Number of protein chains: 2
Amino acid sequence: MSDPSKISEAEWQVMKALWEKSPQTANTIVQQILKTRTWSPRTVRTLINRLVAKGALSYSKDGREYQYSPVLSKDQCVQAETKSFIGKIKGTTLTPMLAAFLEEEILTSDEIDELKRMLDQKGGATND
Amino acid sequence: MSDPSKISEAEWQVMKALWEKSPQTANTIVQQILKTRTWSPRTVRTLINRLVAKGALSYSKDGREYQYSPVLSKDQCVQAETKSFIGKIKGTTLTPMLAAFLEEEILTSDEIDELKRMLDQKGGATND
DNA sequence: ACTTTTGTATTACATGTGTAATACTTTAGG
DNA sequence: CCTAAAGTATTACACATGTAATACAAAAGT
């Protein structure tokens, strides 16, 4: 309750659909989602409603349909999620985490460059 | 249910206490935890029991007391957690994530070195 | 204008999680 | 041997989450 941007795994899929393109109607969101998930459209509706309830999405009426848009930015959510993740693993050895990151190949070369740059700056500081 | 090593935020604290030192009795685990959390000892007991139930901890009787030990290794859990985290943020721009990592200062200089090394190897490959 | 469609809103229901309290059992002290 | 202390096991309860189904309302077709 303290963290307004607490988005669940399933809800993230909806957010991602809207970050990619918005506004969208519930229907087009469902279309997006069904490309990668096998959820019932009802389930997606539920997720959308919960996100509206927790203030992560907003909508404007467009005739009988609603046009949904993200309220929370992608950056905001990624940051929040990262901090929550860090909260868990903090204090453990991070080598396996780093390995997982590299294995999963989620970093683009640009991001690797950026990470390197940041690490260089950080490396100069009194670290640990 | 599919992922046996699904440890919740609160449960992680217990696991960390046992990864640090094991076996431990419920009492010493409580002591450890109370250094950083303000939970009731009962709460910690509950967490311990749940972890035993989900196969993350085991115990051996030592008189009336139990000696708890981790079944899941730290590396195993960190990897699982990382992959779950990645599952959420995959496909988004990771710059804010990287920033959060650096901000939170969770990387030791050794880990930074290791990450750099891995990135160098990775950097050579056809990345994205 | 009435019925069917198609959207949205409400309700459901099991399992997980945070956060404990109460009940039961075993051991140790008197 | 019996009672108190100290463990463990069971139960509680509200909110979150995954996964929908049902109810309701409005628009569109006939």
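A, B, ... follow the sequence lines: proteins, then strands. Residue 1 opens every chain. A quick note: this is a predicted structure, and the numbers were derived from the prediction, not measured.
Within residues 10-25 of chain A, no residue is approached by DNA chain C to less than 4.0 Å at the level of any non-hydrogen atom. Only A/R64, listed by number, bring a heavy atom of residues 62-71 of chain A to less than 4.0 angstrom from any atom of DNA chain D. A heavy atom closer than 4.0 Å to some atom of DNA chain C occurs in A/R45, A/N49, these being the qualifying members of residues 32-49 of chain A.
Axis orientation changes by 30° from one end of the helix from C/dA1-D/dT30 to C/dG30-D/dC1 to the other, with each end axis drawn from 5 pairs and the value rounded to 10°.
Shown here for B/G55 and B/L72, the closest heavy-atom pair between the two residues is O-CG, 4.2 Å. A/G87 and B/Q13 get closest at one heavy-atom pair: O-OE1, 4.1 Å. Nearest heavy-atom pair, A/S69 versus A/S22, reported as atom, atom and distance to 0.1 Å: CA-CB, 4.4 Å. The minimum heavy-atom distance between A/A17 and A/I33, with the atom names listed, is CB-CD1, 4.4 Å. Residues B/I7 and B/C77 come closest through the heavy atom pair CG1-SG, 4.3 Å. Closest approach of B/M15 and B/A56 over heavy atoms only: CE-O, 3.5 Å.
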Take B/K88 and A/E9, measure what salt bridge (charged side-chain N to carboxylate O under 4.0 Å, His left out) needs, and give me the verdict at the end. CA-CA 6 Å; B/K88 281 191 183 178; A/E9 165 83 33; 5.5 Å; no
Determine whether B/K35 and B/Q32 satisfy the following criterion, side chain to side chain donor-acceptor pair (under 3.5 Å), listing intermediate values before the conclusion. CA-CA 6 Å; B/K35 284 179 194 165; B/Q32 290 278 102; 3.2 Å; yes
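Listed by first and then second residue, the ring pair (Phe, Tyr, Trp, His ring centres under 6.0 Å) pairs that reach into residues 69-92 of chain A are A/F85-B/F85, sequence neighbours excluded. For residues 21-43 of chain A, there are no ring pair (Phe, Tyr, Trp, His ring centres under 6.0 Å) pairs, not counting sequence neighbours.
Taking atom NZ of residue B/K6 and atom C1' of nucleotide D/dG18, one finds them 11 Å apart after rounding to whole Å. For the pair B/L51 CG and D/dT8 P, the computed distance is 15 Å after rounding to whole Å. Distance A/E9 CD to C/dT15 C1': 16 Å, rounded to the nearest Å.
Partner B/E11 forms a side chain to side chain donor-acceptor pair (under 3.5 Å) with one of B/K54, B/K6, B/R50 and no other, that one being B/K54.
In terms of position along DNA chain D, the nucleotide closest to A/R50 lies nearer the 5' end than the nucleotide closest to the other residue of the pair A/R50 and A/K61.
B/V71 and B/Y66 are members of different hydrophobic clusters when ILVMFWY side chains are connected at heavy-atom separations under 4.5 Å.
Residue B/K54 has a polar side-chain atom (N or O) positioned under 4.0 Å from OP1 or OP2 of C/dT17.
A/W12 and A/W19 have perpendicular rings, their planes meeting at more than 60° on a 0 to 90° scale where under 30° would count as parallel.
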